[in-house]
Amino acid sequence: MPNSSHATPPSDAGRGPSSIAARAMGGLRPTAASYLDGLNEEQRRAVEATEGPVLVLAGAGTGKTRVLTTRIAHLISTGRARPFDILSVTFTNKAAREMKHRIGTLVGPAGEGMPWLGTFHAIGTKILRRHAELVGLKSDFTILGTDDQLRLMKQVLKDQNIDEKRWPARALGHVIDGWKNRGLGPDQIPAGEAQAFAFGKGGDLYTAYQARLVTLNAVDFGDLLLLCLKLWRENPEVLTIYQDKFRYILVDEYQDTNVAQYLWLRLLGQTRKNIACVGDDDQSIYGWRGAEVDNILRFEHDFPGAVVVRLERNYRSTGHILAAASGLIAKNQGRLGKTLRTEDELGEPVTVSGAWDSEEEARLLAESIESLQAKQHPLSEIAVLVRISAQMREIEDRFVQLGLPYRVIGGPRFYERAEIRDALAYLRATKNPSDDLAFERIVNTPKRGLGDATLQQLHLYARAEQVPLLHAARKLCETDELKPRVRSTLRALTESFSRWARLVESNPHSEVAQTILEESGYTEMWQKEKSADAAGRLENLKEFVRSMEEFPDMGAFLEHVSLVMEASEAEGADRVSLMTLHAAKGLEFDTVFLPGWEDGLFPNQRALDESGRAGLEEERRLAHVGLTRARKRAKLSFAVNRRIHGLWSSTIPSRFIDELPETAVDVIEAPAHFSAGASRFDRNPQPFGSSYGTPGWQRAQANTGQGNGGSGNFGKGAAHTTARGFGASPGGGRGGPRQIEGELIAKSTGAPSAFETGMRVLHTKFGPGDVAAVDGNKLTVDFDKAGRKMVLDSFLQPA
DNA sequence: GGTACGCGGATTTTT
DNA sequence: TCCGCGTACC
């Protein structure tokens with residue numbers, strides 16, 4: 001299986017430009033398209049193999065997007081297809097945007113349009129709106145965000161009298177998402193799995209949830225794909241329309257497709273079979289949310305006769321970086337196997353350095369960045385990639401102290417912010433009076449005295465009368481079932497909605513939105529709020545209203561916002577980028593810092609616990625993604641002590657560090673104060689973490705007296721230096737020196753600290769402060785400016 | 001109905 | 001440690 005890369009351009013019989021006639025005409029065509037210039041041999045093969053199934057295995061930095069866009073340009077300019085004949089799917093809006101842009105520059109106005117280039121979800125939406133009634137919806141259905149989804153789940157759980165503590169709505173959401181990811185409708189769940197949730201109620205809950213969605217005329221993200229499958233299966237004539245329509249299908253990031261997406265593609269592609277998937281099994285890092293690496297591993301089986309092209313020539317990274325990344329990923333089994341090559345120079349080796357704790361790691365990292373900055377290295381070409389968001393705090397703290405400009409990439413999306421969701425809910429409820437979820441969301445936001453009790457009453461009435469909540473509210477106001485005060489508030493609100501609905505008919509929608517936000521008291525709510533981020537939220541609201549102007553009407557705007565709206569990043573400023581490894585996929589930087597390479601953190605313990613070997617391999621792919629983001633410099637680090645959920649735990653270097661090829665790596669010896677010559681290959685845990693009972697401590701205990709036992713990871717890979725201990729404090733007052741492997745751990749710097757509690761000191765970075773506690777050579781100091789920090793005495797001098 | 005405190009849980013994240 | 005949720009109280 002791994003060696004079918006002998007792809008030749010298909011000389012298909014019959015139609016198409018490779019037909020005899022077409023070939024005869026070949027020379028008459030305007031000279032070979034300039035867009036093909038500069039493609040290497042494999043890339044060109046991937047572009048020109050237009051007919052039949054094609055799998056392009058594109059390693060990191062091998063020109064994947066270029067192949068995709070050139071392929072489209074090729075299809076269009078050779079007359080094989082018109083822009084609207086091509087279905088081209090991506091996962092993110094960003095990728096879709098970039099492709100549109102690049103096609104535009106390749107083929108000019110001819111490529112404009114591309115109505116079927118977009119995310120799976122956007123295209124699914126487009127299709128569903130056209131045939132909504134066939135799946136029991138109206139064509140103006142709403143698309144629910146995760147927060148609405150969650151509230152709906154809660155309602156369903158309540159209806160079925162399920163203890164939400166025992167069976168949280170989030171968990172149910174996860175289970176249902178899982179089913180949807182696998183293309184399973186409520187009636188298709190394997191019997192065994194339906195039992196899994198809440199004593200066998202899983203299936204019923206799913207059914208109830210879907211029923212609620214239908215009554216709300218709403219769908220969740222999963223439905224955008226799942227309902228397409230349902231639509232096509234139940235209405236073959238509709239499927240045929242799309243099979244005919246899409247002469248060519250292109251798929252980006254194929255390794256990230258889930259089962260539902262795979263089925264979606266297979267249905268569409270099974271007649272014409274002109275389906276080209278581009279992906280990299282080594283960059284599959286979304287297994288935890290349903291991506292099936294199997295889809296890519298199985299491609300040749302699913303599409304017999306598929307042409308497979310491997311792109312292995314890397315144009316991004318230097319030799320050492322590529323060697324490190326390749327060496328690491330080679331430890332994975334179950335991959336199709338590619339070997340990245342570069343013609344670039346070896347460049348700087350990947351550096352590996354250790355730190356005493358995560359604070360020191362952040363400090364060293366920031367120092368490195370500052371020294372690069374001093375050498376005129378632009379900050380925008382530096383990225384710090386972490387495994388989990390929680391790592392960011394300490395790093396940010398450090399950057400803030402130093403005044404180092406940085407930006408966090410990722411994080412909450414613009415349209416997921418509370419204020420945007422609220423504003424959106426007002427608009428949704430105005431536009432669509434039966435959007436109960438929207439109404440419910442803002443009925444008491446801002447606080448107007450319509451709490452749970454009133455809402456319960458509304459629900460009861462609405463259910464009895466089979467009408468939407470807003471309608472029920474109007475009716476209830478006409479009765480005397482409500483307390484006078486509640487009644488008048490509620491009446492005012494319902495009247496506002498009627499008024500707003502009339503406004504929408506005849507006024508510019510952004511103005512109406514502005515009016516709604518003001519009259520409802522929503523803007524005022526934030527103006528009154530004094531918290532730090534209130535101003536930012538008001539800013540976001542402004543931006544929200546402003547962005548509406550770009551759309552013809554409110555409906556179009558709502559559609560856009562529910563699927564694609566993103567924060568408008570202030571570009572341009574020279575800043576360091578800070579993000580998770582996941583968020584870094586698809587990006588590249590000259591210099592990449594990879595902190596936190598410690599077992600438990602990375603590879604992440606939870607991934608290991610939950611998915612075992614597969615989990616480990618996915619973590620390794622994540623490491624591979626991280627390394628391959630770097631063009632010229634990759635800098636790994638780890639700390640031997642890290643604060644996890646507020647407790648200090650001792651940690652051991654990541655097993656991935658030992659898996660790197662030594663020739664590509666340069667070990668930065670720990671600073672003298674840190675260790676008496678410890679190597680970074682020293683994976684013996686340090687037994688003086690300050691909290692006993694942590695995993696690190698447990699492992700340390702297990703290790704003592706077991707020779708080189710380790711946690712089962714010894715003995716392979718690079719040579720290990722025998723533990724000489726990481727020096728530093730012998731545990732302070734918590735137990736004195738400890739023995740490991742017959743050696744006494746020396747105090748780090750030998751001499752006990754010259755500082756005492758209460759002394760006034762001066763720190764090289766933090767400035768003046770008072771010593772609050774002494775623990776060997778580690779001192780706790782209350783700095784005048786920086787607050788309480790743990791520092792090493794070597795950075796201090798008496799003040 | 002609104003607020004103040006205490007408890008438990010805590011990856012990665014797009015659409 | 002920090003955040004969100006639920007409960008207890010005003």
Side-chain angles (χ1 to χ4, degrees), chain A residues 89-96 118-125 143-146 148-150 154 164-165 168-171 174 177 180-181 219-226 252-253 256-258 260-261 284-291 358 385-394 397 409-413 415-416 418 444 446-456 483 485-486 489 559-566 579-586 596 600-611 615 618-619 621-623 625-626 642-649 691 788:
Chain A
V89 280
T90 63
F91 276 82
T92 64
N93 296 299
K94 202 173 135 202
T119 62
F120 276 101
H121 294 84
I123 289 167
T125 307
I143 301 164
L144 265 37
T146 34
D148 289 321
Q149 203 182 337
L150 200 64
K154 283 186 177 162
E164 249 205 77
K165 276 204 174 128
R170 294 185 58 109
H174 190 241
D177 271 350
K180 291 192 172 179
N181 283 156
V219 299
D220 63 20
F221 283 121
D223 286 336
L224 294 173
L225 295 161
L226 188 61
D252 189 17
E253 305 278 18
D256 288 338
T257 48
N258 59 35
Q261 286 155 340
S284 163
I285 55 175
Y286 285 112
W288 52 274
R289 66 176 193 211
S358 40
L385 311 183
V386 295
R387 176 62 182 82
I388 62 171
S389 312
Q391 286 173 261
M392 290 186 190
R393 173 176 255 108
E394 281 174 305
D397 282 354
I409 312 266
R413 298 277 159 290
Y415 66 88
E416 297 222 326
N444 202 28
K447 301 263 186 293
R448 37 173 86 89
L450 302 171
D452 277 350
T454 313
L455 200 58
Q456 279 308 320
K483 291 194 185 117
R485 193 159 53 190
V486 173
T489 325
E559 172 93 355
H560 176 259
V561 90
S562 59
L563 277 175
V564 297
M565 193 148 171
E566 288 169 60
M579 69 194 96
T580 61
L581 286 159
H582 285 91
K585 193 160 81 145
L601 180 63
F602 190 38
N604 191 273
Q605 191 57 49
R606 200 144 146 187
L608 266 39
D609 291 345
E610 282 169 15
S611 321
E618 181 153 317
E619 294 286 296
R621 290 193 290 269
L622 202 48
V625 166
R642 182 171 296 274
R643 191 152 39 187
I644 298 164
H645 308 322
L647 293 171
W648 284 100
S649 317
S691 62
R788 176 166 285 208

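These values consider heavy atoms only, across backbone and side chains, with no hydrogens, waters or symmetry-generated copies. Note that the structure is predicted; figures quoted are calculated from it, not measured.
Side-chain contact between A/Leu385 and A/Met579 is present, with at least one heavy-atom pair separated by less than 4.5 Å.
Under a 3.5 Å cut-off, the side chain of A/Glu618 and the backbone N or O of A/Gly287 do form a donor-acceptor pair.
Residue A/Ser389 has no polar side-chain atom (N or O) positioned under 4.0 Å from OP1 or OP2 of B/dT11. Taking 4.0 angstrom as the limit, A/Thr580 places a side-chain polar atom (N or O) nearer than this to OP1 or OP2 of B/dT13.
Relative ring orientation between A/His121 and A/Phe221 is described as perpendicular, the plane-to-plane angle rising above 60° on a 0-90° scale split at 30° and 60°.
Every salt bridge (Lys or Arg N to Asp or Glu O under 4.0 Å) that A/Arg606 has, sequence neighbours left out, goes to A/Glu610. Applying the side chain to side chain donor-acceptor pair (under 3.5 Å) rule to A/Arg642 yields the partners A/Glu361, A/Glu598; only residues at least two apart in sequence or on another chain are considered. Qualifying side chain to side chain donor-acceptor pair (under 3.5 Å) partners for A/Asp148, counting only residues two or more places apart in sequence or in other chains: A/Arg151, A/Arg421, A/Arg428. Here A/Ala390 pairs with A/Ile388 under the side-chain contact (heavy atoms from CB on, under 4.5 Å) rule; sequence neighbours left out.
Residue A/Arg387 places a side-chain atom within donor-acceptor reach of the base of B/dT12, judged by atom type and a 3.5 Å distance cut-off alone.
Atom CG of A/Asp452 sits in a sparse spot, with 12 or fewer heavy atoms from other residues, nucleotides or ligands closer than 6.0 Å.
Nearest to the side-chain atoms of A/His582 among the listed nucleotides B/dT12, B/dT15, B/dA10 stands B/dT12.
A/Leu601 places its CG atom 17 Å from the P atom of B/dA10, with the value rounded to the nearest Å. One interatomic measurement links the two molecules: CH2 of A/Trp288 to C1' of B/dA10, which rounds to 15 Å at whole-angstrom precision. Atoms CG (A/Leu385) and P (B/dT13) sit 12 Å apart, rounded to a whole Å. The distance from atom NE2 of A/His121 to atom P of B/dT13 is 17 Å, rounded to the nearest whole Å. Per the geometry, CZ belonging to A/Phe221 stands 8 Å off P belonging to B/dT15, to the nearest Å. The nearest whole Å value for the distance from the CZ atom in A/Arg170 to the P atom in B/dT12 is 11 Å. We find that NE2 of A/His174 is positioned 18 Å from P of B/dG9, with the value rounded to whole Å. Put simply, CZ on A/Arg289 is 13 Å from P on B/dT12, counting in whole angstrom units.
Nucleic acid contact for A/Glu610: base, since at least one base atom lies under 4.0 Å from a heavy atom of the residue. Among the heavy atoms of the strands lying under 4.0 Å from A/Glu619 is at least one base atom, whether or not backbone atoms are also near.
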Please list, pair by pair, any protein nitrogen or oxygen found under 3.5 Å from a nitrogen or oxygen in nucleotides 1-6 of chain B.
residue: B/dG1; atom: OP1; partner: A/Gly451; partner atom: N; Å: 3.4
residue: B/dG1; atom: OP1; partner: A/Thr454; partner atom: OG1; Å: 3.0
residue: B/dG1; atom: OP2; partner: A/Ala453; partner atom: N; Å: 3.2
residue: B/dG2; atom: OP1; partner: A/Asn444; partner atom: ND2; Å: 3.2
residue: B/dG2; atom: OP1; partner: A/Gly449; partner atom: N; Å: 3.4

Please write out the pairs of protein N or O atoms and N or O atoms of nucleotides 1-8 of chain C separated by less than 3.5 Å, giving the distance to one decimal.
residue: C/dT1; atom: N3; partner: A/His645; partner atom: O; Å: 3.2
residue: C/dT1; atom: O4; partner: A/His645; partner atom: O; Å: 3.3

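Once rounded to the nearest 0.5 Å, the distance linking CD1 of A/Ile143 with CD of A/Glu559 reads 5.0 Å.
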